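On a predicted model such as this, the values are computed, not experimentally measured, just so you know. Chain A is the first sequence line, chain B the second, and so forth, proteins listed ahead of strands; every chain is numbered from 1.
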Number of protein chains: 2
Amino acid sequence: MDRMNRGITAKGLATRQRIVVAAALLAREKGAAETTLDDVRAATSTSKSQLFHYFPDGRADLLVAVAEHEADQVIEAQQPYLGDLATWESWQGWSRAVLAHYAELGERCPLSSLTSELGKSSPEARAVVGALFATWEAALLRGTMAMLPDRVAAVRQARSILAAVQGGVAMLQGTGRTEYLEAALAAAIAPLKTGAAA
Amino acid sequence: MDRMNRGITAKGLATRQRIVVAAALLAREKGAAETTLDDVRAATSTSKSQLFHYFPDGRADLLVAVAEHEADQVIEAQQPYLGDLATWESWQGWSRAVLAHYAELGERCPLSSLTSELGKSSPEARAVVGALFATWEAALLRGTMAMLPDRVAAVRQARSILAAVQGGVAMLQGTGRTEYLEAALAAAIAPLKTGAAA
DNA sequence: GCATGAGTGGACCATGAGGTCCAGCCGGGT
DNA sequence: ACCCGGCTGGACCTCATGGTCCACTCATGC
């Protein structure tokens with residue numbers, strides 16, 4: 001196969017990806033803090049040297065990669081609705097998709113453990129989270145602007161919806177019940193139905 | 001002084017309390033996961049043996065005590081408003097109090113780090129969080145029932161408001177900006193102003 | 001074929017952090 | 001005065017875990 005740039009072969013990339021995915025899974029199951037390099041090693045049938053080969057800065061490096069991966073997943077799970085929130089129906093569809101996704105995930109939220117584990121220490125992790133929220137908010141904002149005449153109201157509405165999702169998920173994690181996310185989502189997008197500003 | 005029950009003297013209790021408060025502070029500053037027993041020991045000018053004297057199960061025990069302490073603080077910070085949410089004015093006051101409190105705390109939220117650190121492992125920690133949410137929701141529910149005629153709507157409204165706070169705080173932690181909490185709070189309590197159900 | 005470098009295996013090291021233990025202190029109750 | 005039991009100090013142990021190192025394989029291009 002073709003020579004990849006930077007001397008990384010396709011096989012190497014595949015291994016790296018395998019590691020990231022497995023680590024992400026572990027991080028979801030038992031929390032990022034409790035996920036050790038040995039766990040990852042065992043789960044992927046790799047060796048320590050490979051871990052450090054693909055993630056030179058070790059654990060921190062790996063966790064950042066995991067965070068990026070999970071951030072992608074978060075956006076992915078909301079598609080195709082998130083990309084086109086121009087009608088009340090699509091908002092409803094989005095809302096259902098979000099609810100279904102997190103109900104399936106249950107109490108293990110990929111982000112929270114990562115943010116609290118990496119948020120403090122590594123600036124790149126914060127950047128990942130920041131980027132995620134930025135694209136997320138931007139997509140929601142496009143949607144609210146399509147539904148509300150007032151731009152300022154649309155901005156506030158988008159923020160409120162994003163916070164509602166976060167809060168619903170937080171409650172889901174804390175209590176194991178989906179009612180909060182359900183109620184929060186419904187209440188947050190309700191103003192979009194009639195077009196009345198928040 | 002009087003013989004305390006269980007052979008714990010007042011002096012001992014004071015020391016224990018000192019430890020909990022200091023540990024809570026540390027947990028807020030640098031996260032629960034990054035707070036070591038040695039940190040606590042240094043911050044309180046105590047010795048290892050004291051830590052284990054007052055918290056026989058060690059670190060886990062201490063963190064549960066910290067969680068209880070922080071849970072109390074969370075409720076405390078919302079008083080006196082939370083106890084009497086019978087009017088629109090008191091809801092506004094409560095909302096301001098919540099916003100001010102978390103704006104002051106900034107990005108360090110006592111609960112999130114504790115839940116993600118203890119939530120998985122120790123069942124007692126989950127109980128603490130569960131109890132906190134229960135009393136919190138109950139207080140909010142008393143308030144929404146005072147404002148809304150329909151009981152079912154009041155329940156949903158209370159949940160939505162609670163989720164809004166959680167979400168706003170989550171966003172505050174993630175981004176450092178208070179706009180989300182602000183928008184989420186305003187949107188969440190808006191239906192209470194006119195008495196229209198969510 | 002052979003040299004080069006990515007990929008892999010696994011032994012090994014360093015250390016931070018939780019937990020144990022015992023010895024000494026202090027106060028107050030009889 | 002004395003003694004018991006809580007309180008305190010700190011040395012010490014144990015071990016999990018992140019990280020290092022070197023040897024080996026394997027593919028690929030010359």
Side-chain angles (χ1 to χ4, degrees), chain A residues 1-20 22-23 26-27 29-66 113-114 117-118 120-122 125, chain B residues 1-20 22-23 26-27 29-66 113-114 117-118 120-122 125:
Chain A
M1 57 207 57
D2 291 345
R3 171 77 65 80
M4 314 292 296
N5 50 355
R6 307 307 219 116
I8 296 176
T9 68
K11 184 183 179 190
L13 256 189
T15 302
R16 191 196 134 103
Q17 192 61 12
R18 210 177 81 232
I19 294 173
V20 170
L26 285 171
E29 300 292 347
K30 32 193 288 188
E34 275 66 46
T35 301
T36 72
L37 291 187
D38 251 29
D39 289 336
V40 177
R41 200 186 49 65
T44 55
S45 298
T46 51
S47 61
K48 271 283 183 66
S49 69
Q50 292 179 74
L51 262 43
F52 282 85
H53 182 68
Y54 294 109
F55 307 94
D57 286 345
R59 185 186 145 89
D61 222 346
L62 172 57
L63 287 186
V64 169
V66 169
S113 49
L114 284 167
E117 163 85 347
L118 292 171
K120 297 282 179 182
S121 46
S122 99
Chain B
M1 56 205 58
D2 289 347
R3 172 77 66 79
M4 315 289 299
N5 50 355
R6 309 303 221 115
I8 297 174
T9 67
K11 185 185 180 188
L13 257 188
T15 302
R16 192 195 135 103
Q17 192 62 11
R18 210 177 79 232
I19 293 173
V20 170
L26 285 172
E29 300 290 348
K30 34 193 286 189
E34 276 66 45
T35 300
T36 72
L37 291 185
D38 252 28
D39 290 336
V40 177
R41 200 185 49 65
T44 55
S45 298
T46 51
S47 61
K48 272 281 183 67
S49 69
Q50 289 178 77
L51 261 44
F52 283 84
H53 182 67
Y54 294 111
F55 306 94
D57 287 343
R59 186 187 145 90
D61 221 346
L62 171 58
L63 287 186
V64 169
V66 168
S113 50
L114 283 167
E117 164 86 347
L118 292 171
K120 297 281 179 185
S121 48
S122 101

A/Ile8 vs A/Arg16, side-chain contact (heavy atoms from CB on, under 4.5 Å): CA-CA, chis, key distance, verdict: CA-CA 10 Å; A/Ile8 296 176; A/Arg16 191 196 134 103; over 6 Å; no
Spacing of B/Ile8 atom CD1 relative to D/dC7 atom P, expressed in whole Å: 7 Å
Any B/Thr9 side-chain nitrogen or oxygen under 4.0 Å from OP1 or OP2 of C/dG27: no
Strand contacts (DNA chain C) in residues 47-61 of chain B, 4.0 angstrom heavy-atom criterion: B/Lys48, B/Ser49, B/Phe52, B/Gly58, B/Arg59
Which donor-acceptor pairs under 3.5 Å do the side chains of residues 50-57 of chain A make with protein atoms, sequence neighbours left out?
from: A/Gln50; atom 1: NE2; to: A/Ser47; atom 2: OG; distance (Å): 3.3

Minimum side-chain heavy-atom gap A/Leu37-A/Leu62 below 4.5 Å: yes
For atom CG of A/Leu13 and atom P of C/dG7, their distance in whole Å: 8 Å
Backbone of A/Thr36 reached by a side-chain donor or acceptor of A/Asp39 within 3.5 Å: yes
Counterpart residues, side-chain hydrogen bond (donor to acceptor under 3.5 Å, both in side chains), relative to A/Thr44 (two or more places apart): A/Thr46
B/Ile19 side chain near B/Arg41 side chain, heavy-atom distance below 4.5 Å: no
Whichever of A/Asp38 and B/Thr46 has its nearest DNA chain D nucleotide further upstream toward 5': B/Thr46
Gap between atoms CZ and P, on B/Arg41 and C/dG18 respectively (whole Å): 11 Å
Spacing between A/Asp39 atom CG and D/dA16 atom P, to the nearest angstrom: 12 Å
A/Glu34 CD - D/dT17 C1' separation (whole Å): 13 Å
